[in-house]
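So the structure is just underneath, and the comments pick up after that.
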Amino acid sequence: MPIVSFYRKWIGRYIFRKLNIAIGTALLLVFLLLGMAIYNNFYSILEKKEIEMLSIRTEKLKIQLVDMIERFQYDTLSIYQGMGSNMQTSVSEMFLPGNIPTDMEDREAITQQNYIKNVLTHMLSRNPYTSAVLLYRLQDGLLFIESQQQKYRINEAFALQPFFETFPKAYQHPYFGSSDELLTPAEHILYIANPIYNPLRIRPEDVYGYQLAVLNTGVITNEFDSQNSDYRLIIKQRNNLLLDSKPNEPFDLSTSTDLVSRITIDKNHLEIIGISSKSNIESKLANTMIRIFITLGISWLVCIMMIHIIQRLIVGRFNQMSKHFKKVQRNPFTTLMPVNGDDEISDLIMRFNRMTEELQNHINQVYVAEIRKRDAEFIALKTQIHPHFLYNTLESLRMQAVISEQPFLAEKIYHLGLLYRWMLQPTDDLISVQEELAHTNYYLELLMLGKSNRIELRVISELNLENCFMLKFTLQPVIENAIQHGRLEQYDEPIISIEIKKETSLLTIEICNNGQRITAEDYSRLQELLQTPNTFPDQHLGLKNIHERIKHYYGNEYGLSLPEMQQDTELFRLIMIFPHKR
């Protein structure tokens, strides 16, 4: 996989790169957690502040509504009082059945209309939150209206009488309501209404008309949300929706997660609900958090760069140490590494220099001792018979045997020369199995000279032994060990059988003899000896040396092996394991 190969090539071998990645990841997580903590903290502060502001706006609106109600009640009192010296009656008396003109073109009717218009104009001037003031007379169904800058008119298609008949006739007033079709231009209006009674005998069922004040909902909502679209105002009376600043947007107060402030006017059963969207907080926080995360990101990059610079300084010193180690590996007498500073790396360099000095001293001692030993060996070698002299002597003896017509003796002297020359010549360690068997036969023939009970060597194999290879001089010691410990010369018809075969990628040589049986205890001891490293036994030292030679040359999976012993009378068997190479 590309990722795995990239990791192995650029990261796997470098501990400081792994450390950089680990520290960078840890710092990134820390900065992310820090950013999230700052975000949550800022969000909590802004949310708390937003709730306080929302409560202040809602409380302010409550005060304004209470003021509107009080102004409306004050205007109601003016209906029952005269407004000028020309009129001897109040507006309320003009709504009584006996005081209603039958002809609207009559002078008295015109005077009443002008008077009522004057009263309505005064009401508008005293209440800035009122868009229009209406008086409705039940007797003749006449509606009087005055609005700011003559903005509103009565919707002629609107059924006035059924509308006013729905008003409650009780002492619990003023009444609040809303309508979408009462006035033109058509819009949703919020109004306050009061019944008009006979001041001389007030009964709930004796209602002669109604006074309405249409509240300026635009001014109310603007006072609440200050043109901020993230705020929402809802006014209810006894769970009846009177005003919603966002009527086209669905809203469920029970499931909403937005901020809510609720205040009630108990006297009038009004509930004012102020709502602020959490998106308002998030929008305020967004720019701040972007700056915070940019600052944290820059801080993270600066930290990574500082760590990288510091580690490069450390890695540079380690690289110098590594180069110096390689120099010492090639030449132990390399000049000592200079020590700079007083830190852990300096202490490591100082200890390595000390170790190098001790190694140099040790090499000097061993080298001098080895030179002296080699000098002694050279002197001793000079006193020995020169090998060529021995070869020439053996060849002369062989020729004398030929001349004396003793071919058997000549052949044995020839084999002895071959064996001696083969053992001493500096050839490769690997030879063919055929060559090893040949020189083992020479050794066995020379060993059997002058003996009547000759040992037979049988080789069983279907392989081409010229193409099978083994370590030089490993078979002959095993044969010698079999003759010695098996006491073959004491048995009739002694045989050493050698079976050579290939098993998968292995070359196995199984050696078996019909000599003295081995006990189970000695068999287990020999198995333990072969399996235990770094042991130097008093017995079977030759087998142990051969086993260690093969393991050292090929690997731990090769060497000598003993098969599981089935019974005490079983013939002794030994297996040599080599890799099969062609």
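It should be emphasised that the depicted structure is a prediction, and the values quoted were computed from it without experimental measurement.
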| task | Please name all residues satisfying side chain to side chain donor-acceptor pair (under 3.5 Å) with E187, sequence neighbours left out, ordered by chain then number. | result |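 Applying side chain to side chain donor-acceptor pair (under 3.5 Å) to E187 gives Y152.
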Do [X] and [Y] have a side chain donor and acceptor closer than 3.5 Å?
| X | Y | value |
| --- | --- | --- |
| S78 | D75 | no |
| E50 | S276 | yes |
| N155 | T184 | no |

Side-chain donor/acceptor of [X] to backbone N/O of [Y], under 3.5 Å:
| X | Y | answer |
| --- | --- | --- |
| H122 | N118 | yes |
| R126 | Y74 | no |
| N40 | M36 | yes |
| K117 | E146 | no |
| H188 | L242 | yes |
| S346 | N340 | yes |
| N114 | I110 | yes |
| Q112 | N99 | yes |
| Q237 | N268 | yes |
| T334 | K327 | yes |

Roughly how far apart are [X] [atom1] and [Y] [atom2], rounded to 0.5 Å?
| X | Y | atom1 | atom2 | value |
| --- | --- | --- | --- | --- |
| E271 | I265 | CD | CD1 | 11.0 Å |
| I577 | S561 | CD1 | OG | 4.5 Å |
| F72 | H173 | CZ | NE2 | 10.0 Å |
| T76 | Q211 | OG1 | CD | 3.5 Å |
| I304 | I23 | CD1 | CD1 | 7.5 Å |
| E358 | N353 | CD | CG | 11.5 Å |

Side chain proximity check, [X] to [Y], heavy atoms < 4.5 angstrom:
| X | Y | answer |
| --- | --- | --- |
| I273 | S261 | no |
| V328 | F352 | yes |
| L243 | I234 | no |
| E548 | K551 | yes |
| M321 | L348 | yes |
| D244 | L233 | no |
| F176 | I192 | yes |

| ring-ring contact (aromatic ring centres under 6.0 Å, His included) assessment of F163 paired with F158 | CA-CA 9 Å; F163 173 71; F158 186 73; 5.2 Å; yes
| Is R238 atom CZ crowded by more than 12 heavy atoms from other residues, nucleotides or ligands, each under 6.0 Å away? | yes
| Is the number of heavy atoms from other residues, nucleotides or ligands under 6.0 Å of E557 CD greater than 12? | yes
| said: Could you check whether F42 and Y39 have their ring centres less than 6.0 Å apart? | reply: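 No.
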| request: Inspect the contact between R232 and D258 and indicate whether a charged nitrogen and a carboxylate oxygen are less than 4.0 angstrom apart. | output: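 No salt bridge links D258 with R232.
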| NZ/NE/NH1/NH2 to OD/OE distance under 4.0 Å, R71 and D67 |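 A salt bridge links R71 with D67.
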Shortest non-hydrogen separation from [X] to [Y] and the atoms involved:
| X | Y | value |
| --- | --- | --- |
| Y208 | P97 | CE2-CD, 3.6 Å |
| I349 | P338 | CG2-O, 4.0 Å |
| T264 | D266 | OG1-OD1, 3.1 Å |
| S245 | T221 | CB-CG2, 3.9 Å |
| G274 | L54 | O-CD2, 3.3 Å |
| K278 | E47 | CE-OE2, 3.7 Å |

| message | Before you tell me yes or no, could you show the steps for V91 and F144 under side chain to side chain contact (heavy atoms under 4.5 Å, CB included), namely the whole-Å CA-CA distance, both residues' side-chain angles and the distance that decides it to 0.1 Å? | response | CA-CA 12 Å; V91 173; F144 304 93; over 6 Å; no
| request: Look at the rings of F167 and Y191 and say which category their plane angle falls in: under 30° parallel, 30 to 60° tilted, over 60° perpendicular. | output: parallel
| message | Below 30° counts as parallel, above 60° as perpendicular, anything between as tilted: where do the rings of F164 and Y136 land? | response |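 The rings of F164 and Y136 lie parallel, inter-plane angle below 30°.
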| request: Check whether NZ of the Lys or CZ of the Arg R57 lies under 6.0 Å from the centre of the six-membered ring of Y231 and within 45 degrees of that ring's axis. | output: yes
| All ring pair (Phe, Tyr, Trp, His ring centres under 6.0 Å) counterparts of Y197, not counting sequence neighbours | none
